[in-house]
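A note on names: the letters A, B, ... follow the listed sequences, proteins ahead of strands, and every chain is numbered from 1. Every value quoted in this text rests on a predicted model; they were computed, and no experiment measured them.
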Protein chains: 2
Amino acid sequence: MLTERQLLILKAIIDDYIRSAEPVGSRSVSKREDISYSPATIRNEMADLEELGFLEKPHSSAGRIPSQKGYRYYVDHLLSPELLNNSDIVDIKSMFAQKIHEVEQLIEQSAQILSNLTSYTSIVLGPEVFDTTLKHLQIIPLTKEAAVAIIVTDTGHVEKQAVDIPQGMEVTDIEMMVNILNERLKGVSMLELRGKIFSEVGNVLKMHISNYKDTMQMLEKSFTHEKNDHVFFGGKTNIFSQPEFRDVEKVRQLLEMFEEKQLVHQIFRSDSSGITVKIGQENKLEAIDNCSVITATYTADGKHLGTIGILGPTRMEYQRVIGVLDYLSKDMTNTLTKLYQRNK
Amino acid sequence: MLTERQLLILKAIIDDYIRSAEPVGSRSVSKREDISYSPATIRNEMADLEELGFLEKPHSSAGRIPSQKGYRYYVDHLLSPELLNNSDIVDIKSMFAQKIHEVEQLIEQSAQILSNLTSYTSIVLGPEVFDTTLKHLQIIPLTKEAAVAIIVTDTGHVEKQAVDIPQGMEVTDIEMMVNILNERLKGVSMLELRGKIFSEVGNVLKMHISNYKDTMQMLEKSFTHEKNDHVFFGGKTNIFSQPEFRDVEKVRQLLEMFEEKQLVHQIFRSDSSGITVKIGQENKLEAIDNCSVITATYTADGKHLGTIGILGPTRMEYQRVIGVLDYLSKDMTNTLTKLYQRNK
DNA sequence: TGTTAGCACTCTAATTGAACGAGTGCTAAA
DNA sequence: TTTAGCACTCGTTCAATTAGAGTGCTAACA
């Protein structure tokens, strides 16, 4: 167990390092207002903290920097939940003051404001299809063989997918089919949609449609969508201003990760309600082993919708970021809950 | 006017520099197979070429590098149209062998293959709305006040836009209106669409719809779309492997440009048929003053559709890039012409 | 017993200077 | 007109030096 004084010193060092990005020496710690020990005393404590694994030295004659374990302890035990300052709150409020009737718009604005307020890079995962229901399905023939299938969810999300028209199917057949589908499937959760093609409308269609197999294939494809669309960035270049990214190779690695939406989704997705902090290698990805990821989830009606998060260096302003994320995720939840209720 | 020998030497130097990214000295030029002069002679010619503005020195005891004027001359007079090598052609062909029934798919693949073949960054501007016609319009109410308007073009392009539902308008009203609009506007060029709302359907709607003014506003908004969606990148990080981008600040500047789709559009858009080469500061943008942009246009039925282009360092393999762009743009034109004809 | 002053020691970053080499420009000879 | 030769320039590299920040240890102090 750490002593009171060790906690004080550990916090002081991490705070300092977060601000300056320079190794912190005993002298500068002892100069702080809230610390009244001599450099020598501090040095002794620092040596102990290093032995315990909370600090490390870049080299033998440098000051100390926090280890991953140090950051972890800092985040878990030394942070007091910070109240946001007023101007931040005003910024966020002003965003929600606008009329918002589309989820995507809200998401994009949130990503924007998040990166502006924190000057790190923000990543917002849009509502997953699961939690939304079908509002409207449309299949629009372009040529004899090709069509585009469009799906609109109750949240105003639009997905499109190119499909082949089954041999021998006429425009009128398609219209009829789409009508049947809309009648039967409207309001069905997107999660169940693919299953219900068979259970609910399969038999009906079989009666009306000649080329049953191809048609089913077409419908299956219509309902297939990628998760790519659900990843939004804010301030993509912000993080590159951090001194941690002076090296072009690091920049490239991260950029390449940004391009792989699938991967980003995997790294940022969070289920657990509340704030999640992943520090350095806890993220299990080399490109961000000197980064931390802080995420929060937003919900509606208690149902998990998506994730908002910040990517910054491990030397991140945890307290502030957590404050902003907490506040913003709650505001998003509020707004979305209203939005969803209206749609019912 | 440059002498035969000066041309030979200028070309040798630029070729060398493009390959090595290192200033080229007289000795290494004289060693080339196609050059039979001594270093001293080369030096004299180099001094002359420098005086004429085609070459410059990074410092007094370094070799020469091409100036912007040098590149310009090289591109305009020293390039022989290169035949693509076979493996490139195979790569491109294999892409077009796939079944393509959606324009966007073709665009994205083209961007991909372009960056793979050149190892620079490719940028493809999708077909502008202008040249396409309306296939289908749909307005789907989400709540009492909000709806989403969806437009499908004959090329399979889907655009969506959130709109407000005018006071007092019922779901049945919307359905009726959408029917009228589809009847009257199907096949109309997207360019004329906004105008025709008033001229063609304005009167009819006035008869049926109570809240005329708000309705028109909603329709206007439905037909308003941004150009953002039409910019596609391939190999975004490729260019950062170039030694020109060892400096993080340069990387950041370029990345920020990438985010501004509007700006990218403006820089890359090309009207003139054939290949366009813009070298260094000819691009009038600081972020890319050490880059060159080569673009080609693709068409269908002789109508300008969009632009494909490459962004690389001024020290770019012009000959090869021009060859690839030329070949690919023609293949795209072919494919699209077929695609459009089928849609008629 | 906990705290602190003092001091030798360590290591890095910055600076200097010498040696090197690539390349030039000029001159004079072929 | 071409080229060999040579002095000169300038950037790069490497080692040596220095300055400074910081540590760890010891001994004295409260």
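- Less than 4.0 Å separates DNA chain C from no heavy atom of any residue of residues 27-35 of chain A.
- The separation between B:Y17 atom OH and C:dG23 atom P is 14 Å, rounded to whole Å.
- Across C:dT4, C:dT24, D:dT23, the shortest atom-to-atom separation from the side chain of B:M46 is found for C:dT24.
- The nearest whole Å value for the distance from the CG atom in A:N44 to the P atom in D:dC25 is 9 Å.
- A:K11 has a carboxylate O that lies under 4.0 Å from a charged side-chain N of A:D15, or vice versa, which qualifies the two as a salt bridge.
- Nucleotide C:dG2 holds its C1' atom 10 Å from the CD atom of A:E45, rounded to whole Å.
- The side chain to side chain contact (heavy atoms under 4.5 Å, CB included) test with A:V231 singles out one residue from A:L263, A:V124, A:L125, and that residue is A:L125.
- Note on ring orientation: taking the six-membered ring where Trp is involved, the planes of B:Y74 and B:Y318 are perpendicular (angle over 60°, cut-offs 30° and 60°).
- Listed by first and then second residue, the salt bridge (Lys or Arg N to Asp or Glu O under 4.0 Å) pairs that reach into residues 248-257 of chain A are A:K250-A:D289, A:R252-A:E256, sequence neighbours excluded.
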Using nucleotides 5-8 of chain C, report all nitrogen or oxygen pairs with the protein that are shorter than 3.5 Å.
residue : atom : partner : partner atom : Å
C:dG6   : O6   : A:R43   : NH2          : 3.2

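- For the segment residues 47-70 of chain A, the set of residues with a heavy atom within less than 4.0 Å of an atom of DNA chain C comprises A:H59, A:S60, A:S61, in numerical order.
- Residues satisfying the side chain to side chain contact (heavy atoms under 4.5 Å, CB included) criterion with A:S329, sequence neighbours excluded, are A:A296, A:I308.
- Summarising the geometry, atom CD1 belonging to B:I267 is positioned 13.0 Å from atom OG1 belonging to B:T307; distances are rounded to the nearest 0.5 Å.
- Residue pairs that meet the salt bridge (Lys or Arg N to Asp or Glu O under 4.0 Å) test with at least one member in residues 321-330 of chain B, sequence neighbours left out, are B:D326-B:K330.
- A close approach under 4.0 Å does occur between a side-chain nitrogen or oxygen of B:T41 and OP1 or OP2 of D:dT3.
- The separation between B:Y37 atom OH and D:dA4 atom P is 14 Å, rounded to whole Å.
- Residues B:Y17 and B:R315 share a closest heavy-atom pair of O-CD, 3.2 Å.
- With a 4.5 Å cut-off on side-chain heavy atoms, B:F240 and A:V251 do not count as touching.
- Between A:I9 and the options A:V24, A:L49, A:T41, a side chain to side chain contact (heavy atoms under 4.5 Å, CB included) holds for only A:L49.
- Atom NZ of A:K31 sits about 16.0 Å away from atom OG of A:S36, to the nearest 0.5 Å.
- For B:E317, the salt bridge (charged side-chain N to carboxylate O under 4.0 Å, His left out) test picks out no residue, with sequence neighbours left out.
- Side-chain contact check for B:Y327 and B:D88: no donor-acceptor pair (N or O, by modelled atom type) lies under 3.5 Å.
- With sequence neighbours left out, the salt bridge (charged side-chain N to carboxylate O under 4.0 Å, His left out) criterion links B:R27 to no other residue.
- Within a heavy-atom distance below 4.0 Å of DNA chain D, no residue of residues 5-16 of chain A is found.
- Residue pairs meeting the side chain to side chain donor-acceptor pair (under 3.5 Å) criterion with at least one member in residues 48-68 of chain A, sequence neighbours excluded: A:E50-A:R64.
- Residue pairs satisfying the ring-ring contact (aromatic ring centres under 6.0 Å, His included) criterion with at least one member in residues 267-294 of chain A, sequence neighbours excluded, are absent.
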Just the atom pairs and distances: protein N or O near nucleotides 28-30 of chain C's N or O, under 3.5 Å.
none

